[in-house]
2 protein chains.
Amino acid sequence: MPRAGLDTTAVVAAGAGLADEVGLTRLTMGLLAERLGVRTPSLYKHVGGQEDLVRRIAALAAVQAADAVGTAVQGLAGRDALAAALHAFRTFVVDHPGRYAATTGLEPTGPDDPTTLAAQRLFDVFRAVLRGYGLAESDTDHALRMFRSLCHGFATLEAAGGFQWSTDIDKSFEWLIAFTDRGLRTA
Amino acid sequence: MPRAGLDTTAVVAAGAGLADEVGLTRLTMGLLAERLGVRTPSLYKHVGGQEDLVRRIAALAAVQAADAVGTAVQGLAGRDALAAALHAFRTFVVDHPGRYAATTGLEPTGPDDPTTLAAQRLFDVFRAVLRGYGLAESDTDHALRMFRSLCHGFATLEAAGGFQWSTDIDKSFEWLIAFTDRGLRTA
DNA sequence: CACCTTTGGCTAATAGGAATAGCTTTTGGC
DNA sequence: GCCAAAAGCTATTCCTATTAGCCAAAGGTG
């Protein structure tokens, strides 16, 4: 029997892709194994189990989101940076709902948790965007949390199909950007 | 064997309570049955299965949240109403993380879905709060979505322990209220 | 009160997914 | 070519959801 040549990274990447396709809740070890052309128990040579797999997918998602937002923000400041960051984040979540879902609802195990570290990168990018608004030092953490709540809330609601009625979601998003920009400038 | 005297409402209520205690993901039919002093299959006389149970818990949560926020807002307007609504919502989610989690991540089955109807009640309360700001008709839906994203994002992040570092969460929440009020008044 | 239908509980059994044990073969360094 | 480690496999266990089918309790009706 020829070997599949898997390793942890490949398994996690495939898991993330599969989660995006079928939804995180329907991501099963058997389905992932089938996708990789392997029997289920073989996966346990590369990941510790389903919980470990989800944690690793979450870490991957955090890194990728931070990269996407960081790249989008390059060379911009103020409202342009804000709009670019929000757009990039939203796009990431819409394109990768499964792996983003992995990041929600996991209690952090500690400060050396890879997921925590990856999330830190995303915070740093957001913090850089806020810097352009010249907030007082004492306001920065609050603004960061507000910012994160807004991004996370909008993204999860949209990904879950939570916005029911007909008004154009893109327009709402632009409105939200303008709203945030206004609020930050008058802080 | 004496009867336990269960009905659908009792099962759902117990399920919601248990979800709050142990977390929605650890809510199992066996655990719920044990809590009710009954064997697992008996639950299927009252609810259609686990998915149905979660939907019913979600509907319950939406109704209760709408009641809590609606009551808190009574007789208030403007910034006071805004602050009261946000506080009530946050308190509800912190006190009932399990049942609130049930409301997230379920695709709406249709417009006559009880969960959708219950959520509608919550929207109406929020809409009433916004009315106090005298927004243009065209802005209302956008503001409503923004509002909802903010509430949902903050609440889920806090419930998941997502706010890591040390800054006081209550202070951040007050800051968020002031921020929103400012943004809405200059809309 | 006897009867009988409905209802809510039970035991037993099925199905499917996660995870482990232990065997086997490939792979890569020497 | 030899050998230890790694990566796959089959077989098995455990746990949870769910269904089938039986039986007793409640409650209405003569």
Side-chain angles (χ1 to χ4, degrees), chain A residues 1-60 98-99 101-102 104-107 109 115, chain B residues 1-60 98-99 101-102 104-107 109 115:
Chain A
M1 55 194 88
R3 284 210 186 172
L6 295 180
D7 60 2
T8 303
T9 342
V11 170
V12 173
L18 197 50
D20 288 339
E21 283 177 42
V22 305
L24 183 67
T25 57
R26 280 184 284 274
L27 173 64
T28 189
M29 297 300 273
L31 191 60
L32 178 55
E34 187 185 5
R35 165 70 54 102
L36 289 166
V38 122
R39 298 312 181 102
T40 308
S42 308
L43 297 179
Y44 292 81
K45 298 285 178 174
H46 305 290
V47 295
Q50 201 172 32
E51 194 180 318
D52 177 57
L53 173 66
V54 171
R55 290 197 90 83
R56 287 175 190 273
I57 291 176
L60 174 66
R99 70 190 69 187
T104 76
L106 32 72
E107 43 241 35
T109 56
T115 316
Chain B
M1 58 194 85
R3 286 209 185 173
L6 294 181
D7 60 0
T8 303
T9 345
V11 170
V12 172
L18 198 48
D20 288 339
E21 282 178 43
V22 306
L24 184 66
T25 56
R26 280 183 285 275
L27 173 63
T28 187
M29 297 300 272
L31 191 60
L32 178 55
E34 187 184 6
R35 165 69 53 104
L36 289 165
V38 123
R39 299 309 182 106
T40 309
S42 308
L43 298 179
Y44 291 81
K45 298 285 178 168
H46 306 289
V47 295
Q50 202 172 34
E51 194 180 319
D52 178 56
L53 173 66
V54 172
R55 292 197 88 83
R56 288 174 188 274
I57 292 176
L60 175 66
R99 71 191 69 187
T104 74
L106 30 75
E107 43 241 34
T109 57
T115 316

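This structure is a prediction, so every number in the text was calculated from the model and none was measured.
The stretch residues 22-47 of chain B touches DNA chain C through Val38(B), Arg39(B), Pro41(B), Ser42(B), Lys45(B), His46(B), each having a heavy atom under 4.0 angstrom from the strand.
Considering every non-hydrogen atom in both Ala14(A) and Leu36(A), the closest pair reads CB-CD2, 3.6 Å. The shortest non-hydrogen separation linking Ala58(B) to Thr115(B) is CB-CG2, 4.0 Å. Across every non-hydrogen atom of Gly30(B) and Thr40(B), the tightest pair is CA-OG1, 3.6 Å.
Taking CD1 of Ile57(B) as the reference point, atom CD of Gln50(B) lies at 9.0 Å (rounded to 0.5 Å).
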Residue pair Thr104(B), Thr104(A): steps toward the side-chain contact (heavy atoms from CB on, under 4.5 Å) verdict: CA-CA 11 Å; Thr104(B) 74; Thr104(A) 76; over 6 Å; no

Intermediate values then yes/no, side-chain contact (heavy atoms from CB on, under 4.5 Å), Leu32(A) and Leu53(A): CA-CA 11 Å; Leu32(A) 178 55; Leu53(A) 173 66; 3.8 Å; yes

Give me, pair by pair, the N or O atoms of the protein and of nucleotides 4-6 of chain D that are less than 3.5 Å apart, along with how far apart they are.
from   : atom 1 : to      : atom 2 : distance (Å)
dA6(D) : N3     : Arg3(A) : NH2    : 3.1

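From one end of the helix from dC1(C)-dG30(D) to dC30(C)-dG1(D) to the other, with five pairs defining each end axis, the axis direction shifts by 10° (rounded to 10°).
Residues passing the side chain to side chain contact (heavy atoms under 4.5 Å, CB included) test with Glu34(B) are Leu31(B), sequence neighbours excluded. With sequence neighbours excluded, the residues that form a side chain to side chain contact (heavy atoms under 4.5 Å, CB included) with Ala4(B) are Leu6(B), Val38(B).
For Glu51(A) and dA19(C), the CD to P distance is 8 Å, given to the nearest whole Å. Taking atom CG on Asp52(B) and atom C1' on dT18(D), their separation rounds to 13 Å, with Å as the unit.
Each side chain to side chain donor-acceptor pair (under 3.5 Å) pair with one or both residues in residues 5-25 of chain A, not counting sequence neighbours, appears once here: Asp20(A)-His96(A), Asp20(A)-Arg99(A), Glu21(A)-Arg35(A).
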